[in-house]
Peer 1: 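I'd like to ask some things about the structure below.
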Amino acid sequence: MLLTCISSGSNANCYFLTNDTGEILILEAGSKIEKLMMNKNFSSFKKIVGCLITHQHKDHSKYVEEYELAGIKVLGYMNLQPLKKYRLGSYNIIPFNVEHDVKNYGYIIQDINNDKLFVYATDFCKLPQIEHIANWLIECNYCQELWDENLMNDKPNYGYLGRVSESHMSMENLRDYFASLKTRPDKIILCHLSQNGNADKNKMISTMSEFSQFVDIATKNKSWEIK
């Protein structure tokens with residue numbers, strides 16, 4: 001599979017997975033369809049098997065209606081049951097609950113032609129213990145040290161900072177999560193980084209490299225092989 005980032009962050013989130021037969025599974029509907037079509041890895045609408053969204057916030061769901069009007073099947077927190085297996089094209093999908101300030105799902109995804117499992121989870125402060133996952137696209141929103149510094153600014157945004165700490169994943173908590181797992185992943189792609197001075201990309205990569213030989217940041221139009 002090939003994972004492609006269309007957009008990641010508080011303004012818009014959208015990715016797609018493309019398997020060896022060209023089937024595209026879209027993750028999130030936070031970007032306009034035109035943005036997907038402009039990406040070099042987009043092939044055809046006929047190849048899109050569906051779209052998964054995690055929760056209702058607009059940076060993840062703003063263009064659901066547009067996708068549906070284009071004939072794309074959209075599934076997510078509103079019409080799936082946690083821990084039940086679903087199928088879109090050649091992709092097996094299992095949703096699971098994560099803790100956020102609204103109902104929110106993460107997803108275990110598998111191409112039926114590949115025995116490696118892929119997890120996508122974002123916008124959460126807690127997630128269940130999930131073992132034996134080779135590839136992760138996972139939120140690492142902020143560094144606690146930077147969050148503390150911003151709280152001490154002359155004019156701190158208490159509402160924003162408070163919500164971040166209560167509903168998003170810090171680098172420190174993500175480090176503790178992976179440290180608690182018995183298995184080590186092949187790839188960790190960090191997504192949905194804070195765009196308000198709370199994230200240190202280099203520090204995040206360095207910290208999470210303790211748990212995987214490959215760590216990267218989800219950035220616009222970047223792609224990764226998921227094996």
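What you see is a predicted model; the values in this text were computed from it and never measured. Side-chain atoms are counted along with the backbone in the values below, which use heavy atoms only and exclude waters and symmetry mates. Just so you know, residue 1 is the first one in the sequence shown, and it goes up from there.
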Peer 1: Spell out, as yes or no, whether a donor-acceptor pair under 3.5 Å connects the side chain of R184 to the backbone of A134.
Peer 2: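 No.
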Peer 1: With sequence neighbours left out, what residues match T21 under side-chain hydrogen bond (donor to acceptor under 3.5 Å, both in side chains)?
Peer 2: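 Testing T21 for side-chain hydrogen bond (donor to acceptor under 3.5 Å, both in side chains), a comparison that skips the adjacent residues, returns N19.
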Peer 1: Taking D123's backbone N and O only, do any of them form a donor-acceptor pair with E139's side chain (distance below 3.5 Å, no angle check)?
Peer 2: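 Yes, E139 side chain to D123 backbone: donor-acceptor pair under 3.5 Å.
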Peer 1: Specify whether H57 and H100 have parallel, tilted or perpendicular ring planes, treating 30° as the upper limit for parallel and 60° as the lower limit for perpendicular.
Peer 2: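 H57 and H100: perpendicular rings.
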Peer 1: Looking only at side-chain N and O atoms, does Q56 offer a donor or acceptor that is under 3.5 Å from a partner on S61?
Peer 2: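 Absent: no donor and acceptor within the cut-off.
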Peer 1: Should L174 and M204 be counted in the same cluster of Ile, Leu, Val, Met, Phe, Trp and Tyr side chains packed under 4.5 Å apart?
Peer 2: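 Yes, because L174 and M204 connect within a single hydrophobic cluster, where side-chain heavy atoms sit under 4.5 Å apart.
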Peer 1: Please answer whether the main-chain N or O of I188 pairs with a side-chain N or O of N135 as donor and acceptor at a distance below 3.5 Å.
Peer 2: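 Flag not set: sc N135 to bb I188 has no pair under 3.5 Å.
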Peer 1: Knowing that exactly one of F211, F178, F118 qualifies, which makes a ring pair (Phe, Tyr, Trp, His ring centres under 6.0 Å) with W136?
Peer 2: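 Exactly one option meets the ring pair (Phe, Tyr, Trp, His ring centres under 6.0 Å) with W136, and it is F178.
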Peer 1: With a 4.5 Å cut-off on side-chain heavy-atom distances among I, L, V, M, F, W and Y, is there a chain of contacts connecting Y107 to L2?
Peer 2: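 No.
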Peer 1: What I want to check is whether the side chains of S170 and Q144 have a donor and an acceptor closer together than 3.5 Å.
Peer 2: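 Checked: S170/Q144 side chains show no N/O donor-acceptor pair below 3.5 Å.
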Peer 1: Which residues pass the side-chain hydrogen bond (donor to acceptor under 3.5 Å, both in side chains) test with N41, sequence neighbours left out?
Peer 2: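 Here the qualifying residues are T4, S223.
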Peer 1: Does M78 CE have over 12 foreign heavy atoms under 6.0 Å away?
Peer 2: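 Yes.
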Peer 1: Can a donor-acceptor pair be found, under 3.5 Å and without considering hydrogens, that links the side chain of S206 to the backbone of N202?
Peer 2: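 No, because the side chain of S206 does not come within donor-acceptor range (under 3.5 Å) of the backbone of N202.
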Peer 1: Would a 4.5 Å heavy-atom cut-off, applied to side chains only, mark N104 and F96 as touching?
Peer 2: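 Sidechains of F96 and N104: no contact.
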Peer 1: Looking only at atom types and distance, does a side-chain atom of N173 sit under 3.5 Å from a main-chain N or O of M169, one as donor and one as acceptor?
Peer 2: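 It does not hold such a pair.
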Peer 1: Sub-3.5 Å donor-acceptor pair from the side chain of T18 to the main-chain atoms of E23, do we have one?
Peer 2: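 Not confirmed, T18 side chain does not pair with E23 backbone.
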Peer 1: Between Q129 (side chain) and S180 (backbone), is there a donor-acceptor pair under 3.5 Å?
Peer 2: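 Yes; at least one donor-acceptor contact below 3.5 Å.
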Peer 1: I'd like to know if F45 and L75 are part of one continuous hydrophobic network [Ile/Leu/Val/Met/Phe/Trp/Tyr, side-chain heavy atoms within less than 4.5 Å].
Peer 2: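 Yes, L75 and F45 fall within the same hydrophobic cluster.
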Peer 1: Any heavy-atom pair between the side chains of Y67 and I26 that's under 4.5 Å?
Peer 2: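 Yes, side chains in contact.
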Peer 1: Roughly how far apart are K32 NZ and K35 NZ, rounded to 0.5 Å?
Peer 2: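 That separation rounds to 8.5 Å.
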Peer 1: Using modelled atom types and a 3.5 Å cut-off, is there a donor and acceptor pairing between side-chain atoms of Y177 and backbone atoms of P128?
Peer 2: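 Yes: the side chain of Y177 pairs with the backbone of P128.
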Peer 1: Between S212 (side chain only) and P185 (backbone N and O only), is there a donor and an acceptor less than 3.5 Å apart?
Peer 2: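 Flag set: sc S212 to bb P185 pair under 3.5 Å.
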Peer 1: Honestly curious: do I108 and Y86 fall in one hydrophobic cluster under the side-chain, below-4.5 Å linking rule?
Peer 2: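 Looking at the clustering, Y86 is in a separate group from I108.
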Peer 1: Please indicate whether E65 has more than 12 foreign heavy atoms, meaning atoms of other residues, nucleotides or ligands, lying under 6.0 Å from its CD.
Peer 2: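 No, the 6.0 Å shell around CD holds no more than 12 heavy atoms from other groups.
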Peer 1: For K103, does the NZ atom have more than 12 heavy-atom neighbours from other residues, nucleotides or ligands under 6.0 Å away?
Peer 2: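 Buried by this count: over 12 neighbours within 6.0 Å.
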Peer 1: List in chain and number order the residues that pass side-chain hydrogen bond (donor to acceptor under 3.5 Å, both in side chains) with S10, two or more places apart in sequence or in another chain; answer none if no residue qualifies.
Peer 2: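 S10 satisfies side-chain hydrogen bond (donor to acceptor under 3.5 Å, both in side chains) with Q195 only.
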Peer 1: Are any of the side-chain heavy atoms of Y15 and I6 separated by less than 4.5 Å?
Peer 2: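 Of all side-chain heavy-atom pairs linking I6 with Y15, none is under 4.5 Å.
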Peer 1: Between the side chains of N221 and N39, does any donor sit under 3.5 Å from an acceptor?
Peer 2: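 A donor-acceptor contact under 3.5 Å links the two side chains.
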Peer 1: Do V49 and L27 share a hydrophobic cluster, counting only Ile, Leu, Val, Met, Phe, Trp and Tyr and linking them when any side-chain heavy atoms are less than 4.5 Å apart?
Peer 2: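 Looking at the clustering, L27 is in the same group as V49.
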Peer 1: Crowded around E34 CD? As in, over 12 foreign heavy atoms under 6.0 Å?
Peer 2: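 Check passes, neighbour count above 12.
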Peer 1: Is the NZ or CZ atom of K187 both under 6.0 Å from the centre of the six-membered ring of F214 and within 45° of that ring's axis?
Peer 2: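 Verdict for F214: a cation-pi partner in K187.
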Peer 1: Decide whether Y120 and E28 meet the rule of one side-chain donor and one side-chain acceptor closer than 3.5 Å.
Peer 2: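 Side chains of Y120 and E28: pair found under 3.5 Å.
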Peer 1: Check this for me, if you would: do D186 and K116 make a salt bridge, where the nitrogen-to-carboxylate-oxygen distance has to be below 4.0 angstrom?
Peer 2: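 Result for this pair is yes, salt bridge flagged.
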Peer 1: So do the side chains of C125 and S167 get within less than 4.5 Å of each other, counting heavy atoms only?
Peer 2: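 With C-beta onward as the side chain, the pair stays apart.
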Peer 1: Are the side chain of N141 and the backbone of H192 linked by a donor-acceptor contact shorter than 3.5 Å?
Peer 2: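 Yes; judged by distance alone, with no hydrogens or angles, the pair exists.
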